[in-house]
Amino acid sequence: MLGQSLLKIRPAISVLRSYSSAAKQMTVREALNSALDEEMSADPKVFLMGEEVGEYQGAYKISKGLLEKYGPERVLDTPITEAGFAGIGVGAAYYGLKPVVEFMTFNFSMQAIDHIINSAAKSNYMSAGQMSVPIVFRGPNGAAAGVGAQHSQCYASWYASCPGLKVLSPYSSEDARGLLKAAIRDPDPVVFLENELLYGESFPVSDEVLDSSFCLPIGKAKIERKGKDVTITAFSKMVGYALKAAEILEKEGIDAEVINLRSIRPLDRSTINASVRKTNRLITVEEGFPQHGVGAEICASVVEESFAYLDAPVERIAGADVPMPYAANLERMAVPQVEDIVRAAKRACYRVVPLAAAA
């Protein structure tokens, strides 16, 4: 029985092309749902667990239809106890199953962080490679709207700082579908950071993306827009903001290259540095706090590997260094906006007076 199950497990074959030709439209919610469905169908060891994933069909309807199709043994509704069901998931992965653990929001993963960091992330190393922990922790990450400081934090840099974890953050439907499939097939623990505000967004997808064998490589960024004047790196919802900023900048004669990171750990340093060596300027964009953020790591990589190519100081765009305010007007000020990216790009291209000079 075990041998037959293992034969059904397909390797995480990476699609060579990082682009796909546009055709049909699919929401991020549909992309995640279809990826889960296909991977559960292909591999009986894959199962889903979390709060309201079954009878309610998911707090955000990501697991719609899965309970009816696969039954309560593979779609498990849990009590409101993240520490409990995350620990059960890690134990199941030790045993050889492939759990997908859903957090209603990654803010609640703080209740389970001991299992994620000390158990899932470190067991392969501490067992000298004898133990694999094929588990996915997924759910919405970062700011939503009007949910206050305790439900609005971005955990990308938190988890990306830990050896043993892989951290992915999709933007488009192609990202969501291809990266979730890669995460489920991967033998190591993966933290999969979605965005609540992107679930209902529709994106073009090709027939290639819709194929059940489609899978994106972990650790490879995607150049969403080619340019020659300034490099803008972003992930998750901020990729959309960066693309909008690039459209505005184009009207003012600035040709921006936009990189969708996709993978936070491992980070595609080679793509980032190759772009900076072409454009000679860098803007990093993220929703999280500025100190010790993903942008800070990218800046360090560029300074170490491509410092001589920089023609302007690196610009970091991040969330405000305060807990997220509840008031809508203050909330908008606390997260990056398109106009912040535009201003930073203009500073990098010396189209406006730099902040230091203005002060």
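The chain is numbered in sequence order, starting from 1.
In this structure a side-chain-to-backbone donor-acceptor pair under 3.5 Å is present from Ser63 to Val53. The backbone N or O of Gly219 sits less than 3.5 Å from a side-chain atom of Ser263, completing a donor-acceptor pair. Using modelled atom types, no side-chain atom of Gln57 and backbone atom of Lys64 make a donor-acceptor pair closer than 3.5 Å. Remark: the backbone N or O of Arg332 is paired with a side-chain donor or acceptor of Gln337 at under 3.5 angstrom. Asp77 places a side-chain N or O within 3.5 Å of a backbone atom of Glu55 that can act as its donor or acceptor partner. With hydrogens and angles ignored, the 3.5 Å screen pairs no side-chain donor or acceptor of Ser236 with any backbone N or O of Met238. A donor-acceptor contact shorter than 3.5 Å is absent between the side chain of Arg138 and the backbone of Val191. With hydrogens and angles ignored, the 3.5 Å screen pairs a side-chain donor or acceptor of Asn273 with a backbone N or O of Arg269. Of the possible polar contacts, one joining the Thr279 side chain to the Arg281 backbone as a donor-acceptor pair under 3.5 Å is found. Looking at Asn141, its side chain does come within 3.5 Å of a backbone N or O of Tyr155 through a donor-acceptor pair.
In the model, Asn260 has a side-chain atom that pairs as donor or acceptor with a side-chain atom of Asp175 under 3.5 Å. Side chain to side chain, Ser123 and Tyr94 meet the donor-acceptor criterion of an N or O pair below 3.5 Å. Using modelled atom types and a 3.5 Å distance limit, the side chains of Ser275 and Glu257 yield a donor-acceptor pair.
When the side chains of ILVMFWY residues are joined at heavy-atom separations under 4.5 Å, either directly or via intervening members, Met110 and Phe289 end up in two distinct hydrophobic clusters. Criterion: ILVMFWY side-chain heavy atoms under 4.5 Å apart, direct or through other members. Under it, Val338 and Leu197 are not part of a common hydrophobic cluster. Under the 4.5 Å side-chain contact rule for hydrophobic residues, Ile283 and Val335 do not share a cluster. No single ILVMFWY cluster, assembled from side-chain heavy atoms under 4.5 Å apart, contains both Met324 and Leu198. Linking Ile, Leu, Val, Met, Phe, Trp and Tyr whenever their side-chain heavy atoms come within less than 4.5 Å puts Val209 and Ile184 in one cluster.
In this structure, Tyr309 and Asp311 have side chains that are not in contact, with every pair of non-hydrogen atoms separated by 4.5 Å or more. Between Arg265 and Pro163, the closest side-chain pair of non-hydrogen atoms falls below 4.5 Å.
Less than 6.0 angstrom separates the ring centroid of Phe203 from the ring centroid of Tyr171. Checked against the 6.0 Å centroid criterion, the rings of Phe103 and Phe108 do not qualify as a close aromatic pair.
Distance check: Arg74 CZ to Leu48 CG gives 10.0 Å after rounding to the nearest 0.5 Å. The CD1 atom of Ile298 sits 4.5 Å away from atom CD1 of Ile272, with the distance rounded to the nearest 0.5 Å. Distance CE/Met26 to OG/Ser202: 10.0 Å, rounded to 0.5 Å. For the atom pair CD (Glu102) and CG (Leu32), the distance works out to 9.5 Å, reported to the nearest 0.5 Å. Atom OG1 of Thr284 is separated from atom CD1 of Ile341 by 10.0 Å, given to the nearest 0.5 angstrom. To the nearest 0.5 Å, atom CD1 of residue Ile135 and atom NZ of residue Lys98 are 12.0 Å apart.
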Legend entry - Check against side chain to side chain contact (heavy atoms under 4.5 Å, CB included), Arg185 and Glu39: CA-CA 8 Å; Arg185 298 177 195 182; Glu39 294 307 302; 2.9 Å; yes
Inset, instruction - Begin with the C-alpha distance, continue with both residues' side-chain angles, and end with the deciding distance and a verdict on side chain to side chain donor-acceptor pair (under 3.5 Å) for Ser270 and Asp268. - result: CA-CA 6 Å; Ser270 60; Asp268 190 355; 3.0 Å; yes
Inset, instruction - Just do the side chain to side chain donor-acceptor pair (under 3.5 Å) check on Ser169 and Arg262 with the steps written out, would you? - result: CA-CA 5 Å; Ser169 188; Arg262 284 181 167 171; over 6 Å; no
Inset, instruction - Run the numbers on Tyr241 and Asp340 for side chain to side chain donor-acceptor pair (under 3.5 Å), then give the verdict. - result: CA-CA 10 Å; Tyr241 282 30; Asp340 298 322; over 6 Å; no
Legend entry - Steps toward side chain to side chain contact (heavy atoms under 4.5 Å, CB included) verdict (Tyr199, Thr27): CA-CA 7 Å; Tyr199 285 148; Thr27 66; over 6 Å; no
Inset, instruction - Begin from the C-alpha positions of Val46 and Val100 and carry the test side chain to side chain contact (heavy atoms under 4.5 Å, CB included) through to its verdict. - result: CA-CA 7 Å; Val46 178; Val100 178; 4.2 Å; yes
Inset, instruction - Give the intermediate values and the outcome of side chain to side chain contact (heavy atoms under 4.5 Å, CB included) for residues Ile317 and Glu286. - result: CA-CA 6 Å; Ile317 306 297; Glu286 64 187 305; over 6 Å; no
Inset, instruction - Mind running salt bridge (charged side-chain N to carboxylate O under 4.0 Å, His left out) on Glu174 and Lys222 for me, showing each step along the way? - result: CA-CA 11 Å; Glu174 176 181 330; Lys222 175 184 178 182; 3.7 Å; yes
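Under a 4.0 Å N-O distance rule, the pair Arg177/Glu30 does not qualify as a salt bridge. Between Lys24 and Asp207 there is a salt bridge, with a side-chain nitrogen of the basic residue lying less than 4.0 Å from a carboxylate oxygen of the acidic one. The pair Arg225-Glu247 does not meet the salt-bridge criterion, since no charged nitrogen lies less than 4.0 angstrom from a carboxylate oxygen.
Pairing each heavy atom of Ala242 with each of Ile232, the nearest pair is CB-CG2, 3.8 Å. In this structure, Ile254 and Cys349 approach most closely via the heavy-atom pair CG2-SG, 3.9 Å. Closest non-hydrogen pair, Glu196 versus Pro140, comes out as N-CB, 3.9 Å. What you find for Ala93 and Val133 is that their closest heavy atoms are CB-CG1, 3.8 Å. Here the shortest heavy-atom pairing between Ala183 and Leu168 reads CB-CD1, 4.2 Å. Of all non-hydrogen atoms in Ala221 and Thr271, the two that sit nearest each other are CB-CG2, 4.4 Å.
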Please set out all donor-acceptor pairs under 3.5 angstrom arising from side-chain atoms of residues 112-122, sequence neighbours excluded.
| residue | atom | partner | partner atom | Å |
| --- | --- | --- | --- | --- |
| Asp114 | OD1 | Asn118 | ND2 | 2.8 |
| His115 | NE2 | Ala83 | O | 3.0 |
| Asn118 | OD1 | Lys122 | NZ | 2.8 |

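In this structure, Lys61 satisfies the cation-pi test against Tyr56, with its NZ or CZ atom closer than 6.0 Å to the six-membered ring centre and inside 45 degrees of the ring normal.
The aromatic rings of Phe106 and Tyr159 lie perpendicular to each other, with more than 60° between the two planes, well past the 30° mark.
Annotation for Met131: atom CE counts as buried by contact number, over 12 foreign heavy atoms lying within 6.0 Å. A 6.0 Å sphere centred on CD of Glu252 holds more than 12 heavy atoms belonging to other residues, nucleotides or ligands. Within a 6.0 Å sphere centred on CD1 of Ile80, other residues, nucleotides and ligands contribute 12 heavy atoms or fewer.
By the 4.5 Å side-chain criterion applied to Ile, Leu, Val, Met, Phe, Trp and Tyr, Met126 is assigned to a cluster that also includes Tyr125.
Sorted by first and then second residue, the side chain to side chain donor-acceptor pair (under 3.5 Å) pairs with a member in residues 316-326 form an empty list; sequence neighbours excluded.
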